[in-house]
Each structure stands twice: as C-alpha cells, then as structure tokens.
Amino acid sequence: MNNLQDISRIILDSKKIGITYHVSPDGDAVGSALALLNALKKLKKDAYLISKDIISENLQFLKGAKEATGNLTSATEDTSIVVVLDCGNYERISADLDTFKGSIINIDHHVSNDNYGELNYIDTDAAATAEIVFELLEELGLNFNEETDSIKNIGTCLYTSLVTDTGAFRHSNVTFRTHTIAARLKKIGVNNTYIHQNLFDNKSFEKIRLIGKALNGMELLLDRKVSLIKIPISYGNELGIEIGDTSDIISFGLQIKGVEVAVLIKEVENGTKVSLRSKDKFDVRNIAERLGGGGHVKAAGITLKGIKLEEAKDKILEEIEKELL
Ligand code: 5GP
Ligand code: MN
C-alpha cells in the first residue's frame, strides 16, 4: 500500500486531476470528493468532478455539488490522475475509466477493496473515507486552524461525511480520531446543526409518506431476529416521487428490540437493490459478498441484477438463516 505522502506528492505534481466516487454516492462519497475538489481549487490546482450520478437533494448544500451534472462521465484527454474515493470495486466507480491512460488513485475505507488503483490507500479503521481525506488535505498543506470561509466549506463537506457514515456518531466505527477531526472542524466554525438540518430535517411530505408505507409493510422473520422492508417501484409512482436514497428507512428496521439484522429490498430498473445492516456481531458484509456485493461488517449492499423482489427476499433470507443458526 502507498502512503499519503506519496499520494500528496503525486497530486501536487499533476496538472489536471479528476475526482470521482462510487455509484449512487452517499454522504461520505460526496463529502470526501467535494472536500478534495474544493481543497485542490484552493491550492490553485486544475481539478474537476467526474460523475455518472447527480448528487442527491439532501447533499446539494455542499459547495460544488452542482458540478455533478451526470454528463461528464469519463476523464478528459489532458487528465493526469483520477482520484477515486470511498469505492471498493472498479465496477462500482461512477465514471467510465476503461480508456483512461493516466493513473488511478484509490482512497477508501472498505474492507472489501480490490486495490484497483496504480496507487492505493485503504484504511479500514477510518469510520469514513473523509477521515483519510482530512489527513491527506493536511499533507497537501491545508491549514485546519484557519477560520476562513473556504476552509469552513471544506470542513462542512468532511463533517457531513463523518455524520452520514457513522449514523451521526452512533455506530461502532467511531473512534477517537473521528471525534478529534469533528472537534477540530467545530473549532473553526463548521456548523453541525446546519449540517444535520440539511441532511435529516429537509424531507418532502411525500418522502415521509413513503417511509410510512415502507414501515407499514415491514415483516419480522427468522425468530424475530430479522426485519425486512420491501420497496416496490409502485410506491414511488403512487406518491409521485423518485424513491432515491433509502438509508434513512432501513435504520428503522434495526431500532426494534431483538432484531439483529435489518434488510431493505428495493425494486430498481435492472433488478433489486439490497441493503443490509446489523446491530452487534452479525457480519452482513459476508452475506453481501457471497451474493456478489460488499461493504462493511455492519452495513453492506448488493444489486441483484434481473432478480425480482420476492426472489431476492428468498435468496437473502436463505443466506442470513445459515449464519444465524
Ligand atoms: P447501502 O446499503 O447504503 O447501499 O450500502 C451499504 C454499504 O455497502 C456501503 O458501504 C456501500 O458501499 C456497500 N455496498 C452497497 N451496495 C454494494 C454493491 O452492490 N457492491 C459492493 N461491493 N458494495 C456495496
Ligand atoms: Mn464511506
């Protein structure tokens, strides 16, 4: 594995730098990428975002979020490096890099990372990729004691990543380092309340009704140790909305006493998207990997292509049952 000094040197020596993340980027992916983008611009580097995705509504308050238009999906001719953040597998990159001739720098915190970069920096102890980005930015010469708007904007991106990947500092991935970085950002004036309100208290009425519908249909299975939420595309049609991100919905499944594993299966155009969460020891990454997905011990996912909701439900439950015995 490479170190952050090497990566920092290569970034500073590069003329044009592309930045990207995993498909359907979450708060950590977006926060990490926009922190790096804004930081490189502050350092007068020619940096830009590559993204097949448009950034979700609740992350649009972050500086630079509008740069992801969904139109620039590969690196431009003159790009020397592309930094991929928070993405474990080459196939899941939100960019088409097959014809890219420069170097890929892979910076991530997933245990299931394929080391697909020319340079790789994987720190599985980091609660969020943003923890690594914070350290990289310091290495690049940014001063997180500076109370300027530009540093605060970068800090807001990083803090957003920390909040979203730790369930607002609740999960067991939180460490002394997580809180230290959060404290340093708070010290320079990053507004945690503003961030929480944008992330969580900004939902449409229809989204709340979607949550209601989803919870109404929730099932408790396998000796009430597993909660299952199903979201067919028709729910979105009935409410007149795109279903979008459902990470807030699955968290309800874990709130139930006695539940060890929460499952959310969502009908998508090409099949079923499965999200898995666990409370204590149960390793959902293991389940996800067996079915072709990946993630973390307590949060993992898979897209089951060409498989309908009911069949996906059976497949997942079968795998979970084997492990629960
Ligand atoms: P979510 O359920 O929020 O989509 O994802 C939870 C975790 O699992 C995230 O860390 C995400 O990167 C990972 N993950 C989700 N879907 C997939 C997938 O299809 N493949 C892999 N390798 N990881 C996934
Ligand atoms: Mn992450």
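Residue indices begin at 1 and follow the sequence shown. Numbering of ligands and ligand atoms starts at 1, following listing order.
For ligand 1 and Gly295, the ligand atoms under 4.0 Å from any heavy atom of the residue are 8 (O), 13 (C), 23 (N). The contact set between ligand 1 and Ser275, taken as ligand atoms under 4.0 Å from a residue heavy atom, comprises 1 (P), 2 (O), 4 (O). For ligand 1, the atoms lying closer than 4.0 Å to a non-hydrogen atom of Lys273 are 1 (P), 2 (O), 4 (O), 15 (C), 16 (N). Those atoms of ligand 1 with a heavy atom of His296 less than 4.0 angstrom away are 10 (O).
Judged by the shortest distance from any of its heavy atoms, Glu289 lies outside the 4.0 Å radius around the atoms of ligand 1. Heavy atoms of Ser112 stay at 4.0 angstrom or farther from ligand 1. For the pair Arg285 and ligand 1, no heavy-atom separation below 4.0 Å is found. Proximity of Gly88 to ligand 1 is not established, as no heavy-atom distance is less than 4.0 Å.
The residue from Val23, Thr303, Asp28 that puts a heavy atom closest to atom 19 (O) of ligand 1 is Thr303.
Residue contacts with ligand 1 for Asn89 involve side-chain atoms from C-beta outward but no N, CA, C or O (heavy atoms, distance under 4.0 Å). No part of Ser247 comes within 4.0 Å of ligand 1, judged by heavy-atom distances.
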ask   = Between Ile17 and Asp46, does a side-chain contact (heavy atoms from CB on, under 4.5 Å) hold up when you go through it step by step?
value = CA-CA 6 Å; Ile17 303 149; Asp46 188 358; over 6 Å; no
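A side-chain donor-acceptor contact under 3.5 Å links Lys298 and Ser172. Neither side chain, Asn58 nor Asn202, offers a donor N or O lying under 3.5 Å from an acceptor on the other. A donor-acceptor contact under 3.5 angstrom links the side chains of Asp165 and His109, judged on distance only.
The number of heavy atoms from other shown groups lying within 6.0 Å of NZ (Lys187) does not exceed 12. More than 12 heavy-atom neighbours from other residues, nucleotides or ligands sit within 6.0 angstrom of CD on Gln255. Heavy-atom contacts from other residues, nucleotides or ligands closer than 6.0 Å to CZ of Arg209 number 12 or fewer.
Given atom 6 (C) of ligand 1, the protein heavy atom at minimum distance is Arg277 NH1, 3.6 Å. Scanning the protein for heavy atoms near atom 15 (C) of ligand 1, the closest one is Gly301 CA, 3.4 Å. Closest to atom 9 (C) of ligand 1, if we only count protein heavy atoms, is His110 NE2, 4.0 Å.
Distances shorter than 2.8 Å separate the Mn ion (ligand 2) from the protein N/O/S atoms Asp28 OD2, Asp86 OD1, His109 NE2, Asp165 OD2.
With a 6.0 Å cutoff to the six-membered ring centre and a 45° limit on the axis angle, Lys16 counts as a cation-pi contact of Tyr48.
Checking only distances, His22 never comes within under 3.5 Å of ligand 1, N or O to N or O. For ligand 1, one of its N or O atoms has an N or O atom of Gly294 under 3.5 Å away.
The existence of a salt bridge linking Glu318 and Lys315 is excluded, since no basic side-chain nitrogen approaches an acidic carboxylate oxygen closer than 4.0 Å. Taking a cutoff of 4.0 Å between a charged side-chain nitrogen and a carboxylate oxygen, Arg184 and Glu138 qualify as a salt bridge.
Judged by distance alone, the side chain of Asp28 and the main-chain N or O of Ala130 form a donor-acceptor pair under 3.5 Å.
With side-chain heavy atoms closer than 4.5 Å counting as contact, directly or through intermediates, the hydrophobic cluster containing Leu324 also holds Leu221, Leu222, Val226, Leu228, Val261, Val263, Ile265, Val274, Leu276, Phe282, Val284, Ile287, Leu291, Ile302, Leu304, Ile307, Leu309, Ile316, Leu317, Ile320.
With contacts defined as side-chain heavy-atom distances shorter than 4.5 Å, the pair Asn173/Thr166 qualifies. Contact of the Lys42 side chain with the Asn38 side chain is not registered, since no non-hydrogen atoms from C-beta on lie closer than 4.5 Å.
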